[in-house]
Structure formats: C-alpha cells, structure tokens
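All ligand and atom numbering here is 1-based and tracks the order in the structure. None of these values were measured; they are calculated from a predicted model.
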Amino acid sequence: MPSHLTIAIDGPVASGKTVVGRAVARRLGIRFLDTGTMYRAFAWATLRRGIDPKDGSALAKLAKTLDMRLEGGSDGQRLLVDGEDTASHLRERDVEQAVSLVAAVSVVRAAMVALQRKVALEGPLVMVGRDIGTVVLKDATLKVFLKASREVRATRRHEEQKTHGKEVNYDEVLAGLALRDKIDTERADSPLRPAEDAVEVDTDSLTVDQVVQRILELLKHR
Ligand code: CDP
C-alpha cells in the first residue's frame, strides 16, 4: 500500500465522482485516475471481439490476455487497449449497457484492481470508482462517498448527454442508471457501498465547486 497521499472517491452513477475527482487532483497538483474508464474499455474490448458480456469463461480468458495500458499526462491519461486509444468509445450505448455486467466478474475485477494499485504506487493521486475505499486503496489518506438522489443523477447525466449531442430521453437515462445501480450494489464481488471510514457527502444541493471545497477541507484534518 502506498505511503503517499491517496484520495479515494466512490459513488453511484453520475454522482459527480469524475468531475469532482479531476478538480480535486488539479487543485492539489496530483494525478487522477478514473477507474470507470478501465471497466468501460474492458467492456468495449469484449464487444469488439464478439464476446457475450455474460460469458464468464470467455471474459476470464480475455482478462488474462488483454493488453491494457495507461499513458500518463498531467491531467488524466490515455487508456490504450491493444495499443489503441479507447477514449471515443467509452460512452457508446452498447458499452454503457455491458459495462456493469463485465464489472461484476471477479477475474475481470482482479485484473483491473492490479493495474489500479500499480498506478497508485507511482505517486500521490485521486482515484475514483465504486470500490476504491473498500478494496483498491483500503488505506487511503481520505475516503469520500458521494451521494445524490436518483432523479438528480439522471438529470445530470441527461444534461451531459445532450451537451454531447446525444439524442436520449430522460426516462431511458433513468432506467439505464437504475439498472446499473442495481447490478453494482448487488454483485457478490466488491459491491458498491461506502467504506466504514468514508465520509459521505450528499451532493443533491451542492455545486461541483462546493463538493471540491468540502473535500479539500476534509483533507486539512487528515
Ligand atoms: O460515470 P459513471 O458513474 O456512469 O460510471 P463509471 O464510473 O464510468 O463506471 C462504469 C461502470 O464500471 C460502473 O457502473 C461499474 O459497473 C463499473 N465500475 C466498477 O465496478 N468499479 C469501479 N471501481 C469503477 C467502475
């Protein structure tokens, strides 16, 4: 486990982890790792190979052989699979539908967690995901669990998708989010839940800046 500064931020779909985590990392001048992108890239690789996201043994084989690498920049990084930048594929609809299924498979998680821990050993960072405080960085300097009501999260994600020019309706976003929440919280391996020593922050009525401020305040007391 790293002895330098590590901040673990977990929370459900569209709770603000990524935007908040990236801003905290920038304010502190440390690296940022969004672990959701790794599960998304894995799901994309699965679909590209024509593997059924419910086929556990094919996923296990892929988890052992897939060439997934992170190439760092100061603000985030490029995630390469088989040498190809995955960024433009990670929010595709079929990836969105498959990601929680592949993320529930233990051998997939083991491969992703190993890579995440390796990155964490390289220096101070903010890491965001579902199991960072409970599994990946159990000794993190600070653990935060972001919460928000389902409707607020669906509205945020809907707005985000509209900004990216995607034609989606609110009910579809809400249903997709509810399904991913269900799979993420009910899976046997590393279910989504706050670590016992995590500080829970309800973001329903807070701006991104306010959440960032709160995390920086909490950090002062560590
Ligand atoms: O951005 P959003 O909240 O929609 O999702 P994400 O953080 O990109 O994560 C996508 C999916 O990957 C989640 O719904 C989980 O199924 C899975 N995931 C996980 O299992 N563990 C993590 N540490 C991060 C993501």
Taking only non-hydrogen atoms of R157, do any sit less than 4.0 angstrom from ligand 1?
yes
Please verify the inter-ring angle class for H89 with W44; under 30° counts as parallel, over 60° as perpendicular, anything in between as tilted.
parallel
Can you confirm whether the side chains of R130 and S100 place a donor and an acceptor under 3.5 Å from each other?
no
Check ion pair R49-D82 (N to O, under 4.0 angstrom):
yes
Closest protein heavy atom (residue, atom, distance) for atom 3 (O) of ligand 1:
K17 NZ, 2.9 Å
Atom 10 (C) of ligand 1: nearest protein contact (heavy atom, Å)
R180 NH1, 3.4 Å
Any idea which atoms of ligand 1 are less than 4.0 Å away from a heavy-atom of G36?
6 (P), 7 (O), 8 (O), 9 (O), 24 (C), 25 (C)
When you measure from atom 24 (C) of ligand 1 to every protein heavy atom, which one gives the shortest distance, and what is it?
T35 OG1, 3.3 Å
Pull out every atom of ligand 1 sitting under 4.0 Å from any heavy atom of G129, numbered as shown with elements.
23 (N), 24 (C)
Ligand 1 atoms nearer than 4.0 angstrom to some heavy atom of Y39 are 12 (O), 18 (N), 19 (C), 21 (N), 22 (C), 23 (N), 24 (C), 25 (C)
Mind checking whether V13 contacts ligand 1 via backbone (N, CA, C, O), side chain (CB onward), both or neither, at a 4.0 Å heavy-atom cut-off?
both
Using a 4.0 Å cut-off to any heavy atom of A103, which atoms of ligand 1 qualify?
16 (O), 17 (C), 20 (O)
Tell me, please, which residues at least two apart from E196 pass side-chain hydrogen bond (donor to acceptor under 3.5 Å, both in side chains).
none
Out of R130, M127, R40, whose heavy atom is nearest to atom 7 (O) of ligand 1?
R130
Residue, atom name and distance, where the atom is the protein heavy atom closest to atom 21 (N) of ligand 1:
R109 NH2, 3.0 Å
Find the distance between CD (Q116) and CD1 (I132) and round it off to the nearest 0.5 Å.
5.0 Å
Run the contact test for R187 against ligand 1 with a 4.0 Å cut-off on heavy atoms, strictly below, and give the result.
yes
Checking contacts here: is it the side chain or the backbone of A104 that comes within 4.0 Å of ligand 1, counting heavy atoms only? Could be both or neither.
neither
Within the structure, is a non-hydrogen atom of V99 found at a distance of less than 4.0 Å from ligand 1?
yes
Which residue owns the protein heavy atom closest to atom 23 (N) of ligand 1, what's the atom, and how far is it?
D131 OD1, 2.8 Å
Heavy-atom neighbours of K54 NZ exceed 12 at 6.0 Å:
no
Just need the protein heavy atom nearest to atom 16 (O) of ligand 1, so name the residue and atom and give the distance.
D184 OD1, 2.6 Å
Could you tell me if any non-hydrogen atom of R91 lies under 4.0 Å from any atom of ligand 1?
yes
SB check K162 E159 (cutoff 4.0 Å)
yes
With heavy atoms of A14 as the reference, note each atom of ligand 1 found under 4.0 Å away.
3 (O)
Ionic contact status for E96 with R93, cut-off 4.0 Å:
no
Could you list the residues that satisfy salt bridge (Lys or Arg N to Asp or Glu O under 4.0 Å) with E167, not counting sequence neighbours?
none
Taking L90 as the starting point, is it possible to reach V99 by hopping between hydrophobic residues whose side chains are less than 4.5 Å apart?
no
With the threshold set at 4.0 Å, does a side-chain nitrogen-carboxylate oxygen contact exist between R157 and E160?
yes
